[in-house]
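Read the structure below first, then the notes.
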Amino acid sequence: MTKRNFTNMEEIMYKALHKNNSINLLLPINFEKKELLISDQYRSEYKCPVCKEPVKIAWGDVRAPDFKHNPSSQCINSPEHQKGKKILYEAASNSW
């Protein structure tokens, strides 16, 4: 089994919906279902649990598996949004 790298958890979207069922990529049972979860049968049907926009699964051999929004997404659950919130929080914390 490939070693999982979860160093930046706040930047990883590891949950999505598939036909209204929640898929959590951190659960060991889903590592056993990798081939099914990345198959064409599933791949086009993942949705963000927050905004319900389509998301894509990314599951390679080096990084932890995750779901990704379209780069133009404005969802509050997207990694770009989470990263922006973190930057603002750190800037505000340092100004006090």
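This one's a predicted model, so the numbers in the text were calculated from it and none came from an experiment. All residue numbers in this chain count up from 1 along the given sequence.
- Atom-to-atom distance recorded for Cys51:SG and Gln74:CD is 10.5 Å, nearest 0.5 angstrom.
- The shortest distance between side-chain heavy atoms of Phe67 and Ile23 falls below 4.5 Å.
- In this view, Asp40 and Arg43 satisfy the side chain to side chain contact (heavy atoms under 4.5 Å, CB included) rule, not counting sequence neighbours.
- Going from atom CD1 of Ile57 over to atom OG of Ser44 covers 12.0 Å, rounded to the nearest 0.5 Å.
- Within 6.0 Å of the NZ atom in Lys19, the count of heavy atoms belonging to other residues, nucleotides or ligands does not exceed 12.
- Heavy-atom minimum distance, Cys48 versus Leu17: O-CD1, 4.3 Å.
- Counting heavy atoms from C-beta outward, Tyr14 and Asn24 have side chains that approach closer than 4.5 Å.
- In this view, Lys33 and Ile29, Asn30, Leu37 satisfy the side chain to side chain contact (heavy atoms under 4.5 Å, CB included) rule, not counting sequence neighbours.
- Counting all heavy atoms, side chain and backbone alike, Lys34 lies closest to Gly60 at NZ-O, 4.3 Å.
- Within the 4.5 Å cutoff, the side chain of Leu36 has heavy atoms near those of the Gln41 side chain.
- Taking 4.5 Å as the limit, every side-chain heavy atom of Pro54 sits out of range of all side-chain heavy atoms of Glu45.
- At a threshold of 4.5 Å between non-hydrogen side-chain atoms, the residues Tyr46 and Lys56 do not count as touching.
- Ring-plane geometry between Phe31 and Trp59 is classed as perpendicular, the angle between the planes exceeding 60 degrees on a 0 to 90 degree scale with a lower cut at 30.
- Using a 4.5 Å cut-off on side-chain heavy atoms (C-beta onward), Lys47 and Glu53 make no contact.
- Every residue meeting the side-chain hydrogen bond (donor to acceptor under 3.5 Å, both in side chains) condition with Ser72, not counting sequence neighbours, appears here in chain and number order: Asn70.
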